[in-house]
*Asks:* 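The structure follows.
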Amino acid sequence: MKEVTESFKDTAVEIREERQQEKQIKLIGKQRKIPGLTLWEFNEKTKELKPATFKPTAVFISSSLTSTDTTRTYKCVVNENCLYFQALNESNARKKLIKAKLL
């Protein structure tokens with residue numbers, strides 16, 4: 001047994017595993033979509049107001065073994081230094097920012 005372990009140590013190859021920097025996704029918050037309202041994005045540094053952008057993802061739902069249906073879900077693209085809120089139109093969004101003393 002001693003001979004086997006000593007020979008194994010001599011021929012052992014050192015394997016190094018390089019870890020890539022893991023990108024962590026952190027949930028900031030959820031908002032329920034109110035029908036008729038638009039999600040607005042307000043950049044605090046540049047004071048720019050614009051509609052938020054969404055990224056579609058396809059989800060496969062199979063109700064039986066033979067049929068598969070696809071539906072789309074949308075996730076908001078979150079940018080740094082931005083606030084997100086819902087409003088009917090741009091003028092109402094500006095009113096909400098003035099009321100919150102951000103504009």
Side-chain angles (χ1 to χ4, degrees):
M1 192 70 167
K2 240 182 192 180
E3 297 171 0
V4 173
T5 56
E6 289 175 3
S7 65
F8 182 74
K9 286 181 184 177
D10 294 337
T11 59
V13 178
E14 193 174 315
I15 299 172
R16 294 184 184 182
E17 182 181 329
E18 294 182 15
R19 294 186 183 178
Q20 295 178 354
Q21 183 180 6
E22 294 179 16
K23 186 176 182 181
Q24 294 181 355
I25 299 173
K26 184 175 125 181
L27 178 66
I28 298 171
K30 288 185 177 183
Q31 286 190 359
R32 185 176 56 88
K33 171 75 172 107
I34 301 172
L37 297 185
T38 306
L39 187 66
W40 293 92
E41 174 182 71
F42 177 69
N43 192 335
E44 292 179 311
K45 286 188 175 180
T46 62
K47 305 291 185 192
E48 182 182 3
L49 178 68
K50 62 181 180 179
T53 56
F54 293 93
K55 180 177 141 183
T57 56
V59 177
F60 295 101
I61 301 171
S62 62
S63 58
S64 66
L65 297 175
T66 57
S67 68
T68 57
D69 298 329
T70 59
T71 59
R72 289 197 161 197
T73 58
Y74 295 91
K75 290 189 178 183
C76 181
V77 178
V78 179
N79 298 322
E80 292 183 21
N81 302 321
C82 290
L83 297 174
Y84 295 90
F85 60 95
Q86 295 183 47
L88 182 63
N89 52 28
E90 189 174 354
S91 64
N92 285 357
R94 291 196 184 281
K95 287 179 187 177
K96 285 185 177 188
L97 291 172
I98 291 170
K99 189 174 181 179
K101 298 179 182 176
L102 295 171
L103 239 177

*Asks:* Which heavy atom in Thr73 sits nearest to a heavy atom in Thr57, and how many Å separate them?
*Replies:*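 Result for this residue pair: OG1-OG1, 2.6 Å.
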*Asks:* Using a 4.5 Å cut-off on heavy atoms from C-beta on, say whether the side chain of Phe42 contacts that of Lys47.
*Replies:*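 Lys47 reaches Phe42 side chain to side chain.
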*Asks:* Compare every heavy atom of Asn43 with every heavy atom of Lys45, then report the nearest pair and how far apart it is.
*Replies:*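 Lys45 and Asn43 have their closest heavy atoms at N-OD1, 3.1 Å.
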*Asks:* Using modelled atom types and a 3.5 Å cut-off, is there a donor and acceptor pairing between side-chain atoms of Gln86 and backbone atoms of Gly36?
*Replies:*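 Not confirmed, Gln86 side chain does not pair with Gly36 backbone.
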*Asks:* Using every non-hydrogen atom in the two residues, find where Ala52 and Cys76 come nearest and quote the distance to one decimal.
*Replies:*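 Closest approach of Ala52 to Cys76: CB-SG, 4.0 Å.
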*Asks:* Do Tyr84 and Asn79 touch side chain to side chain, with heavy atoms closer than 4.5 Å?
*Replies:*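 Tyr84 reaches Asn79 side chain to side chain.
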*Asks:* Please report the closest heavy-atom contact between Gln31 and Leu39, naming both atoms and the distance.
*Replies:*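 Looks like OE1-CD1, 3.6 Å.
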*Asks:* Check the surroundings of atom NZ in Lys99: do more than 12 heavy atoms from other residues, nucleotides or ligands lie under 6.0 Å from it?
*Replies:*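 Atom NZ in Lys99 is not packed in, count stays at 12 or less.
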*Asks:* Drop me the distance from Glu90's CD to Lys50's NZ, to the nearest 0.5 angstrom.
*Replies:*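 If we round to the nearest 0.5 Å, Glu90:CD and Lys50:NZ are 12.5 Å apart.
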*Asks:* Check for me, please, whether Leu103 and Leu83 land in the same ILVMFWY cluster - side-chain distances under 4.5 Å, paths through other members count.
*Replies:*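 Cluster IDs for Leu103 and Leu83 match.
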*Asks:* Cluster question for you: counting only ILVMFWY and a side-chain heavy-atom cut-off of under 4.5 Å, with indirect links fine, are Leu49 and Leu102 together?
*Replies:*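 Result: yes, single cluster for both.
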*Asks:* Would a 4.5 Å heavy-atom cut-off, applied to side chains only, mark Leu97 and Trp40 as touching?
*Replies:*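 Sidechains of Trp40 and Leu97: no contact.
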*Asks:* More than 12 heavy atoms of other residues, nucleotides or ligands under 6.0 Å from NZ of Lys75: yes or no?
*Replies:*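 Atom NZ in Lys75 is not crowded, with 12 or fewer foreign heavy atoms closer than 6.0 Å.
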*Asks:* Rounded to the nearest 0.5 Å, how far apart are CG of Leu37 and CZ of Arg32?
*Replies:*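 The CZ atom of Arg32 is 10.0 Å from CG of Leu37, to the nearest 0.5 Å.
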